[in-house]
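It should be emphasised that the depicted structure is a prediction, and the values quoted were computed from it without experimental measurement. Throughout, a chain's letter reflects where its sequence line sits, starting with A, and its residues are numbered from 1. Hydrogens, waters and symmetry mates play no part in the numbers below; they use all other heavy atoms, side chains included.
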Number of protein chains: 2
Amino acid sequence: MVSLKDISVRCGVSVATVSKALNGHKDVSEATRERLLKAAKEMGYFPNSQARALKTNRTLNLGVMFSDDAGSGLTHEFFAKVLNSFKTEAESAGYDITFINKNVGRQKMSTYEHCKYRNVDGVVIACTDFTTQDVYEVINGDIPVVTIDHIFDCRTAIMSNNEKGIEELVNYVADMGHKRIAYIQGNKSAVADRRLAGFCKACMNKGIEVDPALLLAGDYHNPEKTYEMTKELIAMSDRPTCIFMPDDYSSMGGFNAIKDSGLSVPEDISVVGYDGIAYSQLLSPKLTTYLQDTATIGSEAAKQLISLIENPQTTFTEVITVDGRLIEGASVKKLV
Amino acid sequence: MVSLKDISVRCGVSVATVSKALNGHKDVSEATRERLLKAAKEMGYFPNSQARALKTNRTLNLGVMFSDDAGSGLTHEFFAKVLNSFKTEAESAGYDITFINKNVGRQKMSTYEHCKYRNVDGVVIACTDFTTQDVYEVINGDIPVVTIDHIFDCRTAIMSNNEKGIEELVNYVADMGHKRIAYIQGNKSAVADRRLAGFCKACMNKGIEVDPALLLAGDYHNPEKTYEMTKELIAMSDRPTCIFMPDDYSSMGGFNAIKDSGLSVPEDISVVGYDGIAYSQLLSPKLTTYLQDTATIGSEAAKQLISLIENPQTTFTEVITVDGRLIEGASVKKLV
DNA sequence: CTTTATGGCGGAAACGTTTGAGATAATAAA
DNA sequence: TTTATTATCTCAAACGTTTCCGCCATAAAG
């Protein structure tokens, strides 16, 4: 690999001058700067990121912390889309991304230690259990952090507007004439709490009674569980006319439960999802759901994180809320 | 951050000795080694990966090169699963992974230059157009490379056994009594070629005529296109009794086309997919498809790549074929 | 008792950068 | 003419490792 030294000997200047020229310092003449830039390009020079990092304590690397359990993680469309957008934004600012985890390799280390070892400039935490020791360590550490869909004190958070999303769905469903609305919730988490709050609030506003019997505890991303819950709801004496599923993916379980009961969507029972994944619009009937703005969530997370990194003095933390958009499918029937 | 030097002054030995003790060199007594290890642990020492990389020219970082266009990349379940498995295997060997691309950040650089800049120890290439300049540069470079689902001379490749997969599907369908089988292919690529070869071969073996009119050019991961193609097939005077879809995701388009034509699966027309994604088993009827062994593909890619890295002398390149498994759903009807 | 091996350790250079402090020369001000 | 200022560049240290080489004991061999 061609180094600063190679350029310096070729051009008859010192290494320092080359470094300064390439980094745009002002104490090098325009003439030599151009000469050096030209030589660097010709020789195919690229800075050695490790050497630079060693000296500057900046790696231009962003850590991504998430749960790679089956069902969440990379194969989760929401996370994949957020990550993709995060990646694009980060890269345009010159940052690369590295997956951070409890590395079980040669050295056993915690997630936070992993961050330190790799010297990431910042970390984004998403789609994971936020109540673990590993997360706390990172949150309490001295590395810039942005969280997605979870709020910690003194840390910037990007929040998908789950409350508003559910509210819009409730309003839509209510306007279609539904009164008995069931809600199969996702697993206990900040997101689930906010959705539930939105659900109750919107129901109140629409004058719809929230029957506790219709609030079931389900799981995100778990069609089997959702199948069961849906069956339970169907078996009820005064069955709901509409079911809120934990998310689009799970809703497939709900669809099947309904079908297996000899009923159909939306004639006999209406269904709404959440997420707006691609598949939801390939179903028939198309699913009425709430599309989370993953592009904005990801890019905003990257922007905020980079801002924290590049302005270390800012102790100011923000909570940024990202709205989504209701997608009207054909899974909710208009009641007379 | 605590460094070797910190440990050395605390324990009254030289930096060199600490380094050697921690790296398991033999020229340090068992007594001092233990003393130093203990101190290192107490002080919370972790090696500085950049400094180490600078000296050893090994970063313990693996580059992942893929296409992040919409439709492929992270949101593609096949790739996501392969990546996840690759990641797990790599991490257990102490490697982290970094996404490699044409970085458009501060410095404009090609993918290969990006590899050099980040000093990745090796690169895996998957799910991308293998005929681009960017890929050639990497293939012809001096970094260890493993490719997935594409074979280059002198480079190790992991191949999902597409040929066998299609063959098994054809055999299954033939055994169910089908004679007129249509095949909507994916976009022109090595994978598509192999699948077509498998298709033709298996048909011959089963004594089934391959009607060119039933071999349509479609796209992978494109339900809309598949919808159209399926419509065309349905409109034919002597309509096929079974359709091979490009992949499971696309098959949703096929399902909808059939439904929209007032027909149903599998009563009127049978369907098989490819990939074995989670959704395929949530459809009703469940899709008969071929599950690619993404876990093995990913982990094998990592193992091979690491082996190439850690045994630099081996000029030996392999092509490793990974079989999958047919999943029998209910989308193929048994003909009398 | 001298030589030779060996086990344990330290010195120091090197990897490729960045950066503040100095050096030099030219220019401007006094 | 002297002094101050500026522009341009070099020196050298530093970042945290690894590793070759050499040193010094002690032990084994002659």
Side-chain angles (χ1 to χ4, degrees), chain A residues 1-37 39-40 43-61 94 106-107 109 113 115-121, chain B residues 1-37 39-40 43-61 94 106-107 113 115-121 310:
Chain A
M1 222 41 205
V2 28
S3 69
L4 287 184
K5 185 162 196 187
D6 298 326
I7 302 180
S8 80
V9 309
R10 191 215 230 214
C11 296
V13 297
S14 77
V15 174
T17 305
V18 184
S19 171
K20 290 183 195 175
L22 267 44
N23 288 314
H25 290 218
K26 55 256 139 275
D27 59 345
V28 41
S29 75
E30 201 48 48
T32 47
R33 142 162 309 118
E34 279 176 15
R35 190 161 55 97
L36 294 178
L37 279 174
M43 302 173 73
Y45 170 79
F46 275 94
N48 179 305
S49 59
Q50 280 80 248
R52 175 175 282 176
L54 187 57
K55 204 47 193 137
T56 61
N57 243 344
R58 295 272 313 279
T59 54
L60 287 176
N61 245 313
R106 326 204 155 181
Q107 305 233 14
M109 50 180 114
E113 288 167 340
C115 291
K116 288 297 196 180
Y117 169 59
R118 286 294 182 185
N119 264 307
V120 294
D121 293 336
Chain B
M1 222 42 202
V2 30
S3 69
L4 286 185
K5 185 161 194 185
D6 299 327
I7 303 181
S8 80
V9 308
R10 190 216 232 213
C11 296
V13 296
S14 76
V15 174
T17 305
V18 184
S19 171
K20 287 192 269 198
L22 268 45
N23 288 314
H25 290 220
K26 55 255 135 273
D27 58 346
V28 40
S29 75
E30 201 49 47
T32 46
R33 142 162 309 118
E34 279 176 15
R35 189 161 56 96
L36 295 178
L37 280 175
M43 302 174 71
Y45 170 80
F46 274 94
N48 179 305
S49 60
Q50 280 80 247
R52 175 175 279 176
L54 187 56
K55 213 26 205 156
T56 62
N57 244 343
R58 295 272 314 278
T59 53
L60 287 175
N61 244 314
R106 325 206 156 181
Q107 305 233 16
E113 288 167 340
C115 292
K116 287 298 197 179
Y117 169 58
R118 286 294 182 185
N119 264 308
V120 294
D121 293 335
E310 299 185 347

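Among the nucleotides D:dT18, C:dT19, C:dG10, the one closest to any side-chain atom of B:V13 is C:dG10. Among the nucleotides D:dC11, D:dT18, C:dG10, the one closest to the side chain of B:S19 is D:dT18. Side chain of B:K55, nearest nucleotide from D:dT10, C:dA14, C:dT17: C:dA14. With D:dC20, D:dC9, C:dG16 as the choices, the nucleotide that has an atom nearest any side-chain atom of A:T17 turns out to be D:dC9. In this structure, the nucleotide among D:dC9, D:dT17, C:dA12 sitting nearest to the side chain of B:L4 is D:dT17.
By the 4.5 Å heavy-atom criterion applied to side chains, A:M1 and A:N48 are not counted as neighbours. The shortest side-chain heavy-atom distance between A:E113 and B:F46 falls under the 4.5 Å cut-off. Two residues are said to be in side-chain contact when any heavy atoms from C-beta on lie closer than 4.5 Å; A:L60 and B:R118 meet this criterion.
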Tabulate below the donor-acceptor pairs under 3.5 Å that side-chain atoms of residues 12-19 of chain A make, not counting sequence neighbours, or state none.
from	atom 1	to	atom 2	distance (Å)
A:S14	OG	A:A16	N	3.3
A:S14	OG	A:T17	N	3.2
A:S14	OG	A:T17	OG1	3.0

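Here the NZ atom belonging to B:K20 is positioned 12.0 Å from the CG atom belonging to B:L36, to the nearest 0.5 angstrom. Atoms CG and OG1, from B:L37 and B:T32 in turn, are 9.5 Å apart once rounded to the nearest 0.5 Å.
Taking side-chain N and O atoms only, B:S14 has a distance below 4.0 Å to OP1 or OP2 of C:dG10. At the phosphate of D:dC9, OP1 or OP2 sits under 4.0 Å from a side-chain N or O atom of A:T32.
In this structure, CG of A:L54 is placed 12 Å from P of C:dG16, rounded to the nearest angstrom. Taking atom NE2 on A:H25 and atom C1' on D:dA7, their separation rounds to 16 Å, with Å as the unit. Taking atom CG of A:D6 as the reference point, atom P of C:dC15 lies 10 Å away to the nearest angstrom. Atom P of nucleotide D:dT17 and atom CZ of B:R58 are separated by 18 Å, given to the nearest angstrom. Following rounding to the nearest Å, A:N48 (CG) and C:dT18 (C1') show an atom-to-atom distance of 13 Å. As rounded to whole Å, 9 Å separates atom C1' of C:dA21 from atom NZ of A:K20.
Each end of the helix from C:dC1-D:dG30 to C:dA30-D:dT1 gets its own axis, taken as the rotation carrying the C1' atoms of four end pairs onto the next four within a five-pair window, and the two axes meet at 60° to the nearest 10 degrees.
Within 4.0 Å (heavy atoms only), B:K5 reaches no atom of the nucleic acid at all. Counting any heavy atom pair closer than 4.0 Å across all strands shown, A:N57 reaches no nucleic acid atom. Within 4.0 Å of B:D27, counting heavy atoms only, lies at least one base atom of the nucleic acid.
Scanning all heavy atoms of the two residues, the minimum distance from A:P47 to A:R52 falls at CB-NH2, 3.6 Å.
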